[in-house]
There are 2 protein chains.
Amino acid sequence: MSLRERKKLAAWRAIQSAALRLFEERGFEAVSVEEIAAAADVSRSTFFNYFAGKEAVVFDQDPEERDQWRAIMAARPADEPLWDALTAILIGFNERLRDRTLTQRRLRARSPALAQSSLNQSSWALVGEQFLADLRAWAASRTPEGDAMATALQINLADTAQNTAYQTWPADESFDDYLQRLKTCLHQARPDIASPPTSATDS
Amino acid sequence: MSLRERKKLAAWRAIQSAALRLFEERGFEAVSVEEIAAAADVSRSTFFNYFAGKEAVVFDQDPEERDQWRAIMAARPADEPLWDALTAILIGFNERLRDRTLTQRRLRARSPALAQSSLNQSSWALVGEQFLADLRAWAASRTPEGDAMATALQINLADTAQNTAYQTWPADESFDDYLQRLKTCLHQARPDIASPPTSATDS
DNA sequence: GTGCAGACTTGCACGCCGTCCAAGTTCCCA
DNA sequence: TGGGAACTTGGACGGCGTGCAAGTCTGCAC
């Protein structure tokens with residue numbers, strides 16, 4: 001790993017940890033990008049070299065972890081049903097990212113107090129666009145042929161199950177309760193691929 | 001209907017139609033709120049009195065239509081399974097809002113040319129937060145008791161089915177093809193409420 | 001080592017969004 | 001007819017995200 005790469009990773013982590021610290025202290029909207037950059041000893045411009053926006057700093061994964069997750073996805077057997085793979089990946093993801101999840105939850109609980117709108121509006125999920133993009137790329141690479149829709153649907157459903165579990169997680173429940181919710185949602189959201197649309201031609 | 005209410009409705013429609021016209025001419029990002037306000041003969045401040053933001057002008061429904069939709073939702077029999085009601089509502093919604101849907105699709109197709117990011121990032125759906133809020137309120141009012149999660153899940157799943165149909169709708173397919181996609185997605189996304197989680201304790 | 005090419009950082013300026021507020025105008029109603 | 005409520009307006013502000021040109025640092029080849 002070259003010096004350049006090490007520096008880059010260090011900068012990424014400096015920015016992210018500074019940002020999360022400030023967010024926890026003051027809430028998401030009350031911290032500006034300038035302050036994050038200053039706290040990370042970096043210019044505002046550099047911040048945008050590393051993150052696509054202020055929200056990305058909450059959702060993007062550490063580059064090393066991200067590679068690991070891509071490997072985990074790639075390691076799934078090719079003949080495994082997509083939904084089973086998605087379920088396993090998401091549950092594993094949540095189990096291993098316990099701390100990250102709890103941090104996000106604390107942020108989410110604190111931020112509405114400062115400004116209801118801007119956070120709820122972007123309807124905070126857990127995984128972020130980056131992880132979803134990786135998931136989609138992985139799924140596309142193992143999708144046989146013309147049924148892109150079924151694949152897209154399953155990924156979106158899995159994401160929705162995850163979001164629902166997260167959104168309905170009450171403040172007084174533990175992380176393990178949340179995992180239980182997640183499993184329930186994933187189980188109930190399993191799509192019904194096989195059965196034909198009963199009398200699809202009416203109306 | 002008082003003069004005040006009529007004026008208000010007229011202003012709403014003036015702003016929305018001016019905005020949609022400009023969006024179609026130049027693309028979403030290339031039009032500023034100032035220009036919309038000017039085209040509607042209204043101040044920038046007034047624009048924000050009517051719409052929560054620039055995107056809302058694409059998604060929010062005409063107040064009169066909105067009332068109609070709330071009535072349609074309220075008219076569903078109370079003992080109908082939630083999923084059946086959601087399916088019927090969404091299909092009806094899409095069938096009746098053919099023009100709106102086609103307009104949105106044209107906007108969506110044109111905008112990436114100008115700036116890939118800002119539209120795709122907010123991952124354009126069709127229904128918008130307002131309609132979803134109405135749906136949630138309606139569903140909450142007919143949800144028996146403690147199982148708020150199952151209700152939230154079903155609404156989110158239905159929304160996801162709709163979004164998937166919309167996202168995967170290719171440029172060369174007709175609106176009726178889209179409706180067919182929608183029905184397929186809704187059918188496949190039907191949640192599996194009954195069955196118990198088969199051996200939920202292993203990881 | 002030296003020097004060069006490319007990668008990365010920095011400061012600065014810009015346009016725009018969304019919020020706030022204080023002052024003005026219009027409508028409803030008693 | 002008057003007073004109060006609803007609505008509009010302009011102006012100012014902070015903040016986000018982008019673009020660019022100039023500077024600095026790293027890897028590499030000689």
Side-chain angles (χ1 to χ4, degrees), chain A residues 1-16 18-19 22-23 26-60 63 111-122 129-130, chain B residues 1-16 18-19 22-23 26-60 63 111-122 129-130:
Chain A
M1 199 169 176
S2 71
L3 172 59
R4 207 160 227 162
E5 289 171 296
R6 266 179 288 134
K7 276 197 167 182
K8 219 174 154 177
L9 194 55
W12 191 98
R13 289 180 173 151
I15 295 173
Q16 208 223 20
L22 291 175
F23 288 163
R26 282 189 264 152
F28 181 80
E29 315 88 333
V31 177
S32 73
V33 172
E34 290 208 15
E35 291 172 302
I36 298 171
D41 268 315
V42 131
S43 82
R44 212 182 87 97
S45 300
T46 301
F47 174 90
F48 286 105
N49 287 350
Y50 283 89
F51 295 94
K54 198 175 152 189
E55 292 200 346
V57 89
V58 183
F59 293 121
D60 284 4
S111 290
L114 297 174
Q116 310 268 68
S117 54
S118 67
L119 268 198
N120 294 353
Q121 212 155 12
S122 63
E129 209 42 58
Q130 191 195 65
Chain B
M1 199 171 176
S2 73
L3 172 59
R4 206 160 228 160
E5 288 171 296
R6 267 181 288 133
K7 276 199 168 183
K8 219 176 154 178
L9 193 54
W12 191 96
R13 286 178 175 153
I15 295 173
Q16 207 221 22
L22 291 175
F23 289 163
R26 284 189 263 153
F28 181 81
E29 314 88 332
V31 177
S32 71
V33 173
E34 291 208 13
E35 291 172 301
I36 298 171
D41 269 315
V42 130
S43 82
R44 213 181 85 95
S45 299
T46 300
F47 174 91
F48 286 105
N49 285 350
Y50 283 90
F51 296 93
K54 199 174 149 187
E55 293 199 348
V57 90
V58 184
F59 292 121
D60 283 5
S111 290
L114 297 174
Q116 310 268 69
S117 52
S118 66
L119 268 199
N120 294 351
Q121 214 153 12
S122 62
E129 209 42 59
Q130 191 195 66

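The chains referred to below are lettered A, B, ... by the order of the sequence lines, with proteins before strands, and numbering in each begins at 1.
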Step by step, would you call A:Phe23 with A:Ile36 a side-chain contact (heavy atoms from CB on, under 4.5 Å)? CA-CA 9 Å; A:Phe23 288 163; A:Ile36 298 171; 3.8 Å; yes

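The CD atom of B:Glu29 sits 6.5 Å away from atom NZ of B:Lys54, with the distance rounded to the nearest 0.5 Å.
When atom types are taken as modelled, the side chain of A:Gln16 and the backbone of A:Arg13 share no donor-acceptor pair closer than 3.5 angstrom.
Summarising the geometry, the separation between CD1 on A:Ile15 and C1' on C:dT10 is reported as 13 Å, rounded to the nearest angstrom. Going from atom CG of B:Asn49 over to atom P of D:dG10 covers 13 Å, rounded to whole Å. Note: CZ (B:Arg6) to P (C:dT26) measures 17 Å, nearest angstrom. Between the CG atom of A:Leu9 and the P atom of C:dC8 there is a distance of 13 Å, given to the nearest Å.
Taking only side-chain atoms of A:Ser43, from C-beta outward, the nucleotide of D:dG10, C:dG11, C:dC8 with the closest atom is C:dG11.
Residues B:Ala56 and B:Ala52 come closest through the heavy atom pair CB-N, 3.9 Å. Closest heavy-atom contact between B:Met1 and B:Leu9: CE-CD2, 3.8 Å. Scanning both residues, A:Leu22 and A:Ala39, for their nearest heavy atoms gives CD1-CB, 3.9 Å. Counting all heavy atoms, side chain and backbone alike, A:Ile15 lies closest to A:Tyr50 at CD1-CD1, 3.9 Å.
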Enumerate donor-acceptor pairs with a distance under 3.5 Å from any side-chain N or O in residues 41-49 of chain B to protein atoms, sequence neighbours excluded.
residue, atom, partner, partner atom, Å
B:Ser43, OG, B:Ser45, N, 3.3
B:Ser43, OG, B:Thr46, N, 3.2
B:Ser43, OG, B:Thr46, OG1, 3.2

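Look at B:Tyr50 and you won't find any side-chain N or O under 4.0 angstrom from OP1 or OP2 of D:dC7. Listed pair A:Thr46 / C:dT10 meets the phosphate criterion, a side-chain N or O lying under 4.0 Å from OP1 or OP2.
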Is there any protein nitrogen or oxygen under 3.5 Å from a nitrogen or oxygen in nucleotides 14-17 of chain D, and what are the pairs?
residue, atom, partner, partner atom, Å
D:dC16, OP1, A:Val33, N, 3.4
D:dC16, OP1, A:Lys54, NZ, 3.2
D:dC16, OP2, A:Val33, N, 3.2
D:dG17, OP2, A:Lys54, N, 3.1
D:dG17, N7, A:Arg44, NH2, 2.6
D:dG17, O6, A:Arg44, NH2, 2.9

Is there any protein nitrogen or oxygen under 3.5 Å from a nitrogen or oxygen in nucleotides 26-30 of chain D, and what are the pairs?
residue, atom, partner, partner atom, Å
D:dT26, OP1, A:Lys7, NZ, 2.4
D:dG27, OP1, A:Ser2, OG, 3.4
D:dG27, OP1, A:Leu3, N, 2.9
D:dG27, OP1, A:Arg4, N, 2.8

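Rounded to 10 degrees, the angle between the two end axes of the helix from C:dG1-D:dC30 to C:dA30-D:dT1 is 10°, with five pairs used at each end.
Partners of A:Arg4 under the side chain to side chain contact (heavy atoms under 4.5 Å, CB included) rule, at least two apart in sequence or in another chain, are A:Ser2. Taking the side chain to side chain donor-acceptor pair (under 3.5 Å) definition, one finds that A:Gln130 meets it with nothing, sequence neighbours left out.
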